[in-house]
Protein chains: 2
Amino acid sequence: MSKSSKTPRSRPIQRDVAERAGVSSATVSYVLSGRRGRANPVSEETRVRVLDAVKELGYQSNHAARSLRRHRTDIVAVVHRPPSNPWLEELIEQLHRSAVERGCSVITVPIASRDRAETVLRVLRERFVDGAIIAPDPAIDPAQVRALAAGGLPLVAFDDTLTARRLDVVRLAQEEACRSAVCYLIEQGHRRIAYLAHDEELALDGHGVKFAAYRKALSDNGIELDPALVVPGADFRPDAYAQVQKLLRGSTPPTAIFSASDRAAINAIWAARDAGLGVPDDLAVIGVGNTKEGESVQPALTTVGTPQTDFSQVIDALWERIDDPTRSGRELLEPWRLVTRSPHD
Amino acid sequence: MSKSSKTPRSRPIQRDVAERAGVSSATVSYVLSGRRGRANPVSEETRVRVLDAVKELGYQSNHAARSLRRHRTDIVAVVHRPPSNPWLEELIEQLHRSAVERGCSVITVPIASRDRAETVLRVLRERFVDGAIIAPDPAIDPAQVRALAAGGLPLVAFDDTLTARRLDVVRLAQEEACRSAVCYLIEQGHRRIAYLAHDEELALDGHGVKFAAYRKALSDNGIELDPALVVPGADFRPDAYAQVQKLLRGSTPPTAIFSASDRAAINAIWAARDAGLGVPDDLAVIGVGNTKEGESVQPALTTVGTPQTDFSQVIDALWERIDDPTRSGRELLEPWRLVTRSPHD
DNA sequence: GTGAAAGCGCTAACAT
DNA sequence: ATGTTAGCGCTTTCAC
């Protein structure tokens, strides 16, 4: 009895292909993966026979076995907190384009909240991926990012506070940019400035950088924070619309809004316009993200964000770190800026 | 010399833990993964020793090895075409909640265009995941979905035409619902109805169901299709705004718009309002998706989509198929409907 | 140019 | 209650 008559498997394996082509499993591997490092090719005749057998059997290589052996998965991840946004999708798109050249696939790992991070990060911890980019403001404890990096996982994180130790970090200088945005409103004479926060930011103890920037700008200018002006809603458009609508109907409505997302800022503008208010005369609005969308609102949205969206530096940093995981940490600078736009038309 | 003095590895492996705890590698496995099927537990004392060793060494199990052995990865994927949308994010969120109970992680596989599908689907073909949900209108050739299912991959696909053979399909009856939406506009007396399409739909030869529905509704009512009224822009808000703005400035502007997404429909409404037109009097707009956001626009958006967003049936179908991949294909019905909303307030 | 064989790190029978 | 052992399916020396 030959080896071939083992218990029937659900999917064909390399050995099945080898037997069908009348070669060894090693040869099949050479044909499919190329003989790395060696110049010795497989003869054209065998190559064809193997390829035919592959097609006939519908063979697909087994990823687990391959990556166990090769110590790499050829998959990279983008870790982010939903909801998605155009900035993130551009990052993923560019990573994708770059990844195909390396024969690498891109997946995303959405993490909705910190309490869920621990379980989901298994995908990174257990080396399911060769490396990852961590998008700004993920729902992950910084300590977990450090732990992943310390574990040797190639990582590039958009983060302003993490030390660039065993990972690369991209500095956005979010707090400074956000502070300048709120100060800008104050310079325009605004005193009652509302803050439209991401839902999870208000839930966290330490609060996030954007809220910190907001508070700092107010206190630096001797303005007392009115808790009634700090509301959630930056995550979802309908929430933003409803929250702003409620604010504007209040007894002492704000004259300006600083929104943690462009998304919400735009809905704030709509809520104001639907309430019969002029923007920016009756209500000034500043968003965060510098998305294309902000350019087509009426009036165009003043916002805070990265001036450009060329992620090649970031992506290259990831590839380099994957190729040399022990490389010392690097710090990239893509500082956010205040992008003021005057009403157009 | 004991086995322990092999060449130094980058990460500790089970054997390292075993040696440190003075037990066998099998015991470590039992402690960490539980003794599946068996009732025999590990003694409390060894358990603690092993766990201590794990912590001291910072051991993380190797996913490739584990899944090679266990024939499962405990990872499921959601395949979709960017940009993301609230409906999709709700699906992912619910899948997530359900997955953690099974000790399963969720990843997403964004596929931007068909020509990129082949390479990216490696993640599914090579059994990187235990199963997948394919969101509506993915950038994948139906033949590829069939091939994946035929290969034995547990799959649940939102699709109206695929045969529920070796996969489960969720029928949305998109075309019928979209047709009824366009017919609704025609009944209101509209003759010049524009179609705001997803970018890739216009690029494809066969065109998509939404465009087909649009054409059918027009021809059924004896209205000739004006190519000038079929424009892309449904993917990105600024594009939608610009396209509608251009349409409205044309010599013979449309009186109604059928948009392939709520997202774009809402921007169509704003383009109209910004152009000084009344909605729906001067321009009627219908979207697709039945998103929450459509409720807070002024006027509220009439749309086409799933009335509810409880995905438990779909998610359960995935788990059942993963547990029994040979189960015959099932057909789920979540038909889209026309959701008419009159101007509110 | 091709094959034999030794693992990659883990789990699960089976033995003790 | 714990250890021994035989692989999972693949890649990669090394020998021919």
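Convention: sequence-line order gives letters A, B, ...; per-chain numbering from 1. Note that the structure is predicted; figures quoted are calculated from it, not measured.
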Rounded to whole Å, the NE2-C1' distance (His71(B) to dG9(D)) equals 9 Å
Notebook entry, point to check: Between Glu45(B) and Arg49(B), does at least one N-O distance fall below 4.0 Å, as a salt bridge requires?
Noted result: yes
Arg47(A) CZ to dT2(C) C1', in whole Å, measures 16 Å
Original post:
Just to confirm, is there a sub-4.0 Å distance from OP1 or OP2 of dC8(D) to any side-chain nitrogen or oxygen of Ser67(B)?
Top reply: no
- prompt: Between Thr46(B) and dA1(D), is there a side-chain N or O to OP1/OP2 distance below 4.0 Å?
  reply: no
Once base and sugar-phosphate atoms are separated, protein heavy atoms under 4.0 Å mark nucleotides 10-16 of chain D, 5' to 3', with B, S and - as BBBBB--
Exercise. Look at Arg15(A) together with Glu19(A) and state whether they make a salt bridge at an N to O cut-off of under 4.0 Å.
Key: no
Taking five pairs at each terminus, the helix from dG1(C)-dC16(D) to dT16(C)-dA1(D) shows an axis bend, to 10°, of 40°
Salt bridge flag under 4.0 Å for residues Asp323(B) and Arg102(B) | yes
Whichever of Leu68(B) and Ser24(B) has the more 5' nearest nucleotide on DNA chain D, that residue is Ser24(B)
Whole-Å distance, Arg72(B) CZ to dA12(C) P, equals 11 Å
With a 4.0 Å cut-off, would you call Arg171(B) and Glu334(B) a salt bridge?
no
Could you give the side-chain donor-acceptor pairs of residues 140-155 of chain B under 3.5 Å, partners two or more places apart or in another chain?
{"unit_1": "Asp141(B)", "atom_1": "OD1", "unit_2": "Ala143(B)", "atom_2": "N", "d": "2.8"}
{"unit_1": "Gln144(B)", "atom_1": "OE1", "unit_2": "Asp141(B)", "atom_2": "N", "d": "3.4"}
{"unit_1": "Gln144(B)", "atom_1": "NE2", "unit_2": "Glu118(B)", "atom_2": "OE1", "d": "2.6"}

In terms of heavy-atom contacts, Ala18(A) and Ser25(A) come closest through CB-N, 3.6 Å
CD1 of Ile13(A) to OH of Tyr59(A), rounded to nearest 0.5 Å, is 8.0 Å
query: Could Arg330(B) and Glu320(B) be called an ion pair, given the rule that one side-chain N must be under 4.0 Å from one carboxylate O?
result: yes
